[in-house]
Amino acid sequence: MKKAALVTGGAVRIGKEISLNLAQKGYDIALHYNSSEKEAIAARELILNTGADCELFRCDLSSPHDAKELVPKVTKSFEGLCVLVNNASVFENVGFHDVTPEFLETDMAINFKAPFFLSQSFSAETGGGLIVNFLDTRVRKNPVEHFCYNLSKKCLYHLTKMLARELAPDFRVNAVCPGAILAPSGLGEDYLLKMARGAPMKRPGSIEDIINAFNYLLESNYVTGECLFVDGGMSLT
Ligand SMILES: NC(=O)c1ccc[n+]([C@@H]2O[C@H](COP(=O)([O-])OP(=O)(O)OC[C@H]3O[C@@H](n4cnc5c(N)ncnc54)[C@H](OP(=O)(O)O)[C@@H]3O)[C@@H](O)[C@H]2O)c1
């Protein structure tokens, strides 16, 4: 049975590169997207060119119920599903005093509840494998900008550790914590340079740095519960 991976938010940016990397390593790809349909179709073409199979799965992860139903849909097509990458995320800069109940609900649903229920159904539907959560260098500190985003990633940090215990020995659960890698859409290189200036390595990282960390977690069969900071030391300062 051929190995397969589900990557959430796999149509663009980091998720797309992770999907391509997994395809090049021989995994078939269940590529999840929400609004980026055109980009998902283009990413599928690139993946098919590597010789891997690829199917697209649309799902709005703001609904935890829909998130829970995604894995059973994927395993119908890909029986060998053994890698789940929780990459999809929203990154909104709303201060604590401006957060509404609806906003908190949506942020937590996409960034935390979706990975929670995807992990639950992934571990129930498959015989074993690897979960990689995408966190953020910010989880080590307590910045109050992007309040709900940071809170949701901190929850996901703890979920990573708890699931590493709960799902062992059949599953490994790890995380990548990126620093300044890609500027949010609408913001240019200046944003990244400014963010990276305060980090010991004083420069932004690259997608390749993220792929290297991801591949370490993919290939290291004795590593679980690990959160790998790929941030030029940013979380130390
Ligand atoms: N970029 C960085 O430098 C950086 C730094 C720190 C942490 N990270 C973390 O690394 C991961 C990837 O970062 P990125 O910058 O590549 O991500 P991104 O562009 O901000 O978003 C990734 C994906 O999330 C999906 N998404 C958003 N809302 C959704 C919803 N309601 N339902 C389903 N999917 C939804 C989007 O899918 P569609 O486009 O299909 O809607 C998008 O492709 C994220 O978890 C992020 O927090 C990134």
Side-chain angles (χ1 to χ4, degrees), residues 6-21 30-44 56-70 84-93 102-103 105-115 117-118 131-141 143 145-146 148-157 159-160 174-189 191-196 199 203-211 213-214 217 227-232 234-235:
L6 166 60
V7 182
T8 68
V12 297
R13 293 163 58 88
I14 291 175
K16 175 183 153 191
E17 300 301 330
I18 293 286
S19 301
L20 263 173
N21 167 67
L31 191 145
H32 158 269
Y33 71 100
N34 183 37
S35 57
S36 299
E37 185 165 28
K38 250 195 241 156
E39 292 85 349
I41 292 168
R44 180 170 180 269
L56 304 182
F57 294 84
R58 190 184 168 272
C59 179
D60 182 349
L61 296 177
S62 63
S63 159
H65 290 284
D66 291 356
K68 204 175 150 114
E69 282 166 16
L70 180 57
L84 166 65
V85 184
N86 285 311
N87 164 78
S89 176
V90 277
F91 180 62
E92 305 267 358
N93 192 2
E102 294 74 21
F103 182 85
E105 184 54 43
T106 304
D107 245 49
M108 290 301 276
I110 298 167
N111 293 359
F112 174 64
K113 291 184 190 175
F117 287 110
L118 283 162
I131 299 173
V132 177
N133 294 324
F134 270 80
L135 307 179
D136 191 294
T137 180
R138 295 169 171 88
V139 298
R140 258 201 193 138
K141 299 194 283 192
E145 307 80 32
H146 301 93
C148 296
Y149 168 82
N150 292 334
L151 191 58
S152 65
K153 293 289 185 180
K154 279 172 180 282
C155 291
L156 192 51
Y157 170 86
L159 182 68
T160 303
N174 291 297
V176 177
C177 307
I181 306 292
L182 288 181
S185 59
L187 297 174
E189 276 300 294
Y191 171 90
L192 283 185
L193 292 171
K194 196 173 156 202
M195 196 177 156
R203 61 173 173 80
S206 65
I207 291 268
E208 202 187 356
D209 295 318
I210 297 294
I211 298 289
F214 178 85
L217 296 173
C227 296
L228 203 42
F229 284 74
V230 187
D231 66 349
M234 189 178 288
S235 67

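We count ligands from 1, going down the list as the structure has it; atoms in each ligand are counted the same way. Heavy atoms only: backbone and side chains are in, while hydrogens, waters and symmetry mates are out. None of the values given here were measured: they were computed from a predicted structure.
With T8 contributing its side chain and A88 its backbone, the two residues share a donor-acceptor pair below 3.5 Å.
Under the rule for a side-chain contact (heavy atoms from CB on, under 4.5 Å), the partners of N21 that lie at least two apart in sequence or sit in another chain are K25, I211, F214, N215. Residues forming a side-chain hydrogen bond (donor to acceptor under 3.5 Å, both in side chains) with Y149 (at least two apart in sequence, or on another chain): D136. Checked against side-chain contact (heavy atoms from CB on, under 4.5 Å), C155 has the following partners two or more places apart in sequence or in another chain: M108, F112.
Rounding to the nearest 0.5 Å places CG of L156 at 6.5 Å from CG of N86. Distance check, rounded to the nearest 0.5 Å: CG of L70 to NE2 of H32 gives 6.0 Å.
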Would you mind listing each N/O atom of ligand 1 next to any protein N/O under 3.5 Å, plus the distance?
from	atom 1	to	atom 2	distance (Å)
ligand 1	1 (N)	L182	O	3.2
ligand 1	3 (O)	G179	O	3.4
ligand 1	3 (O)	I181	N	3.0
ligand 1	3 (O)	L182	N	2.9
ligand 1	3 (O)	L182	O	3.2
ligand 1	15 (O)	R13	NE	3.3
ligand 1	15 (O)	R13	NH2	2.8
ligand 1	16 (O)	I14	N	3.2
ligand 1	19 (O)	R13	NE	2.7
ligand 1	24 (O)	S89	N	3.1
ligand 1	24 (O)	S89	O	3.4
ligand 1	31 (N)	D60	OD1	2.9
ligand 1	32 (N)	L61	N	2.8
ligand 1	39 (O)	S36	OG	2.4
ligand 1	40 (O)	N34	N	2.7
ligand 1	40 (O)	S35	N	3.1
ligand 1	40 (O)	S36	N	3.0
ligand 1	40 (O)	S36	OG	3.4
ligand 1	41 (O)	S35	N	2.8
ligand 1	41 (O)	S35	OG	2.6
ligand 1	45 (O)	N87	O	2.8
ligand 1	45 (O)	K153	NZ	2.9
ligand 1	47 (O)	S89	OG	3.3
ligand 1	47 (O)	Y149	OH	2.9
ligand 1	47 (O)	K153	NZ	3.0

